[in-house]
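One structure is given below, encoded as structure tokens.
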2 protein chains.
Amino acid sequence: MLGETTSSWQDKRRTAARTEILTAAWAVAREHGLAGLTLREVAARVGMRAPSLYSHFASKHAIYDAMFGQAWTEYERLADAAEAGLPAAPRAALREIARFHLAFAVADLARHQLMNVRTVPDFAPTEEGLAPAVRVLGRLRAHLARLGVTGDEDVDLFTALLAGLVDQQWANDPGGDRWTRLLDRAVDMYADAVGIPRP
Amino acid sequence: MLGETTSSWQDKRRTAARTEILTAAWAVAREHGLAGLTLREVAARVGMRAPSLYSHFASKHAIYDAMFGQAWTEYERLADAAEAGLPAAPRAALREIARFHLAFAVADLARHQLMNVRTVPDFAPTEEGLAPAVRVLGRLRAHLARLGVTGDEDVDLFTALLAGLVDQQWANDPGGDRWTRLLDRAVDMYADAVGIPRP
DNA sequence: GTCTATACACCGATAGAC
DNA sequence: GTCTATCGGTGTATAGAC
């Protein structure tokens with residue numbers, strides 16, 4: 001995970017074990033809900049007893065933290081890939097950014113809950129786990145700036161708009177599209193408000 | 001709670017005990033977080049042992065459900081009181097509705113988490129607990145209709161906008177006003193989009 | 001009816017043997 | 001590293017005192 005220059009045979013085994021544990025943790029979280037994740041079940045899926053997990057992660061929170069980092073890293077990776085295909089027209093570009101965000105947030109409840117926290121009682125990501133999330137927000141700021149949106153409040157308004165659509169979608173129509181289908185209208189409403197020119 | 005025509009001495013004692021338990025539950029939820037609510041601590045605060053709570057509530061979820069109903073009933077009560085002072089100007093009225101909602105949602109994290117669910121793993125409000133929440137949404141629809149906003153999608157867009165501001169506020173600036181202060185801009189943005197006339 | 005005492009199955013976490 | 005055993009916590013069920 002960290003930028004190791006040399007990785008011995010033992011290190012590879014260690015990271016492999018960590019990866020396997022995290023994969024199992026994601027599966028449990030998706031089946032039983034994020035809060036329904038238990039060390040005993042994760043351990044069972046990787047052929048261990050629960051206490052053995054503590055040789056690889058300091059605590060259950062450390063597992064959540066690693067998952068948090070994985071989720072935002074994956075977001076970053078996919079966003080990078082999608083960046084090449086961004087339309088030139090400002091509104092179309094903004095629409096595509098919003099569409100990507102909503103699609104990612106609506107695809108996996110456990111992941112969404114973890115990335116946007118709150119549902120795990122005392123969990124707060126460490127600085128290391130937070131890093132990719134911070135980078136993603138920076139990337140969004142840069143994109144908006146390129147579209148002419150530079151004010152902090154304008155950026156905050158955009159994130160609130162996206163967060164609201166996602167939240168209402170999960171809360172009141174999970175699996176449906178009652179709120180996600182409002183995306184185009186929401187983006188146009190926002191674009192009008194911050195002065196992004198109409199096509 | 002229910003509409004009893006006669007309330008015997010025992011009934012009064014029963015509802016008094018229930019009320020006392022719920023008050024203690026709110027206190028615990030505010031101190032330790034909504035998920036940090038434990039029956040043992042609630043019981044201790046009302047001078048009971050944990051199992052004794054089961055004489056008054058069928059389960060911990062039943063306590064959550066009663067709290068859910070209380071929160072939305074309180075929202076309804078305050079909204080009713082505020083209704084008399086609503087401005088005549090459409091945008092001002094919309095702004096006041098939004099302001100009330102945000103103020104209520106931002107005032108108490110445990111209450112907000114409970115009213116908008118999700119953080120309590122398997123909890124889903126019963127029909128009875130849900131009733132005041134449904135009434136509140138109906139009231140909002142009526143208000144918006146009076147302002148000329150009748151489309152379901154327009155209503156959904158408004159609820160998403162409010163939900164987003166509240167969520168971002170709690171998630172990224174709890175206790176502050178980084179997102180709540182965007183309220184006027186958000187309302188104007190929305191009013192422009194749905195065609196509520198400018199003053 | 002209301003409460004206590006007890007018990008059960010589960011949780012995260014730790015200690016120590018191997 | 002992984003195990004077993006265990007600790008203190010949880011929600012919850014039930015038997016029985018009053």
Side-chain angles (χ1 to χ4, degrees), chain A residues 7-22 24-25 27-29 31-68 110 114 119-124 126, chain B residues 1-2 4 6-22 24-25 27-29 31-68 110 114 119-124 126:
Chain A
S7 63
S8 68
W9 180 82
Q10 285 94 338
D11 285 343
K12 281 187 182 173
R13 256 188 74 87
R14 259 195 85 77
T15 46
R18 280 179 63 100
T19 303
E20 196 184 354
I21 290 167
L22 290 177
V28 176
E31 285 178 35
H32 300 3
L34 189 62
L37 186 148
T38 69
L39 296 184
R40 281 168 172 82
E41 175 140 7
V42 172
R45 299 206 184 197
V46 297
M48 282 182 180
R49 305 290 178 165
S52 304
L53 296 178
Y54 284 84
S55 329
H56 301 277
F57 291 93
S59 67
K60 187 181 183 181
H61 273 30
I63 295 180
Y64 278 136
D65 194 48
M67 294 169 74
F68 180 92
L114 183 56
T119 176
V120 182
D122 292 322
F123 168 67
T126 62
Chain B
M1 278 285 178
L2 293 175
E4 303 142 7
T6 69
S7 64
S8 68
W9 179 82
Q10 285 94 339
D11 285 343
K12 281 188 183 175
R13 256 188 74 87
R14 257 195 87 76
T15 45
R18 280 179 63 100
T19 303
E20 197 184 354
I21 289 168
L22 291 177
V28 175
E31 286 178 34
H32 299 7
L34 189 62
L37 187 147
T38 69
L39 297 185
R40 281 168 172 83
E41 176 141 5
V42 172
R45 299 206 183 197
V46 298
M48 282 181 181
R49 307 289 182 174
S52 304
L53 297 178
Y54 284 83
S55 332
H56 302 277
F57 291 94
S59 68
K60 188 181 182 181
H61 273 31
I63 295 180
Y64 279 135
D65 194 48
M67 294 169 74
F68 181 91
L114 183 56
T119 176
V120 183
D122 292 322
F123 168 67
T126 62

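Within every chain, numbering begins at 1; the chains are lettered A, B, ... in the order of the sequence lines, protein sequences first and strands thereafter. The shown structure was predicted, so the numbers you read here are calculated from the model rather than taken from an experiment.
- Within residues 39-52 of chain B, the residues approaching DNA chain D are L39(B), R40(B), P51(B), by heavy-atom distance under 4.0 Å.
- At the phosphate of dT12(D), OP1 or OP2 sits under 4.0 Å from a side-chain N or O atom of Y54(B).
- Distance Y64(A) OH to dC11(C) P: 12 Å, rounded to the nearest Å.
- Rounded to a whole Å, the CG atom of L53(A) is 14 Å from the C1' atom of dC11(C).
- Distance check: L114(A) CG to L34(A) CG gives 5.5 Å after rounding to the nearest 0.5 Å.
- The phosphate of dT12(D) has neither OP1 nor OP2 within less than 4.0 Å of any side-chain N or O from H61(B).
- The residue L37(A) sits close only to the backbone: its heavy atoms come under 4.0 Å of sugar-phosphate atoms, none of a base.
- Rounded to whole Å, atom P of dT12(D) lies 11 Å from atom CG of D122(B).
- Taking atom NZ on K12(B) and atom P on dG1(C), their separation rounds to 18 Å, with Å as the unit.
- H56(B) contributes atom NE2, which lies 9.0 Å from atom CD of E20(B) (distance to the nearest 0.5 angstrom).
- Taking atom NE2 of H32(B) as the reference point, atom C1' of dG9(D) lies 13 Å away to the nearest angstrom.
- A sub-4.0 Å separation between OP1 or OP2 of dT2(D) and a side-chain N or O of H56(A) is present.
- In this structure the side chain of T38(A) never reaches within 4.5 angstrom of the side chain of H32(A), judged on heavy atoms.
- To the nearest 0.5 Å, atoms CG (L39(A)) and CD1 (I21(A)) are separated by 10.0 Å.
- Listed here is the closest heavy atom pair of A58(A) and A62(A): N-CB, 3.9 Å.
- Using bins of under 30°, 30° to 60° and over 60° for the plane-to-plane angle, the ring pair F123(A)/H61(A) lands in the perpendicular bin.
- At dG1(C), none of the side-chain N or O atoms of R13(B) fall inside 4.0 Å of OP1 or OP2 (strictly under the cut-off).
- In this structure, CD1 in I63(A) is found 8.0 Å from OH in Y54(A), a value given to the nearest 0.5 Å.
- Base contact: S55(B) has a heavy atom under 4.0 Å from a base atom.
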